[in-house]
**Q** 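Mind having a look at this structure? Questions to follow.
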Amino acid sequence: MLIVELLTTKPMRDIEAIIFDVGEVQFQGLVGAERLIADLVGKPVTNRQLQTPYLNRFFQGALSEAEFWQCMITQFQWDTTPDMLAMVVRKNFIEIPGTRA
């Protein structure tokens with residue numbers, strides 16, 4: 001009964017936005033970016049190496065992008081900045097072939 005009351009007494013709001021994560025679905029994101037990161041930092045970087053608890057925390061919204069990259073810089077002693085890492089990874093954001101009809 002309480003649920004019915006709430007539905008009838010509260011005004012309905014219009015949907016303002018729908019958010020859909022298209023990373024690795026419609027657009028290539030972090031996958032493949034290890035080559036660009038390696039070129040930037042001057043050290044070999046593997047996709048597996050990027051799969052850290054920091055990445056999980058970033059994907060969950062617990063770390064900002066800048067915080068994530070700073071953690072990676074500290075862990076792997078990369079000589080770069082979070083801004084530079086964000087920039088090179090964005091160069092890897094390309095549409096995955098076959099996603100459009």
Side-chain angles (χ1 to χ4, degrees):
M1 191 66 160
L2 178 61
I3 294 173
V4 172
E5 262 183 48
L6 289 175
L7 289 175
T8 58
T9 59
K10 299 282 184 188
M12 297 295 277
R13 292 180 32 187
D14 292 335
I15 296 173
E16 296 176 14
I18 296 176
I19 300 172
F20 179 73
D21 179 5
V22 295
E24 309 304 340
V25 176
Q26 185 169 0
F27 295 98
Q28 178 175 297
L30 197 56
V31 175
E34 60 274 7
R35 294 181 302 268
L36 299 171
I37 296 169
D39 289 345
L40 175 67
V41 300
K43 296 180 179 181
V45 176
T46 65
N47 186 273
R48 184 177 182 129
Q49 188 177 7
L50 298 176
Q51 306 300 317
T52 65
Y54 304 124
L55 184 64
N56 292 336
R57 294 186 64 214
F58 171 56
F59 285 161
Q60 293 166 354
L63 289 178
S64 70
E65 182 181 20
E67 291 169 327
F68 164 68
W69 287 125
Q70 187 57 59
C71 289
M72 299 297 284
I73 289 167
T74 301
Q75 179 172 338
F76 297 110
Q77 300 178 346
W78 292 339
D79 185 20
T80 190
T81 66
D83 288 340
M84 290 297 296
L85 284 163
M87 184 181 71
V88 299
V89 168
R90 279 180 179 73
K91 289 180 182 178
N92 197 55
F93 285 14
I94 57 174
E95 187 173 346
I96 295 173
T99 57
R100 292 181 192 243

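Both backbone and side-chain heavy atoms feed into the values below; hydrogens, waters and symmetry mates do not.
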**Q** Calculate, to the nearest 0.5 Å, the distance between atoms CZ and CG belonging to F58 and L50 respectively.
**A**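 Answer for the CZ-CG pair, F58 versus L50, is 12.0 Å.
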**Q** Return the CD to OG1 distance between E34 and T46, rounded to the nearest 0.5 Å.
**A**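 One finds 7.5 Å between CD of E34 and OG1 of T46.
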**Q** Donor-acceptor pair, distance only, cut-off 3.5 Å: does the side chain of R57 make one with the backbone of P53?
**A** no
**Q** Is there side-chain contact between T52 and L55, with heavy atoms separated by less than 4.5 Å?
**A** yes
**Q** Compare every heavy atom of A62 with every heavy atom of E67, then report the nearest pair and how far apart it is.
**A** OE1-O, 4.3 Å
**Q** Counting only pairs under 3.5 Å, give me each side-chain donor-acceptor contact of residues 71-82, with atom names and distances, residues two or more places apart or in other chains.
**A**
residue	atom	partner	partner atom	Å
T74	OG1	Q70	O	3.0
T74	OG1	Q70	NE2	3.4
T81	OG1	M84	N	3.1

**Q** Testing the basics here: between V89 and A33, what is the closest heavy-atom pair and its distance to 0.1 Å?
**A** CG2-CB, 4.1 Å
**Q** Got a second to check how far E65's CD is from R90's CZ, nearest 0.5 Å?
**A** 4.0 Å
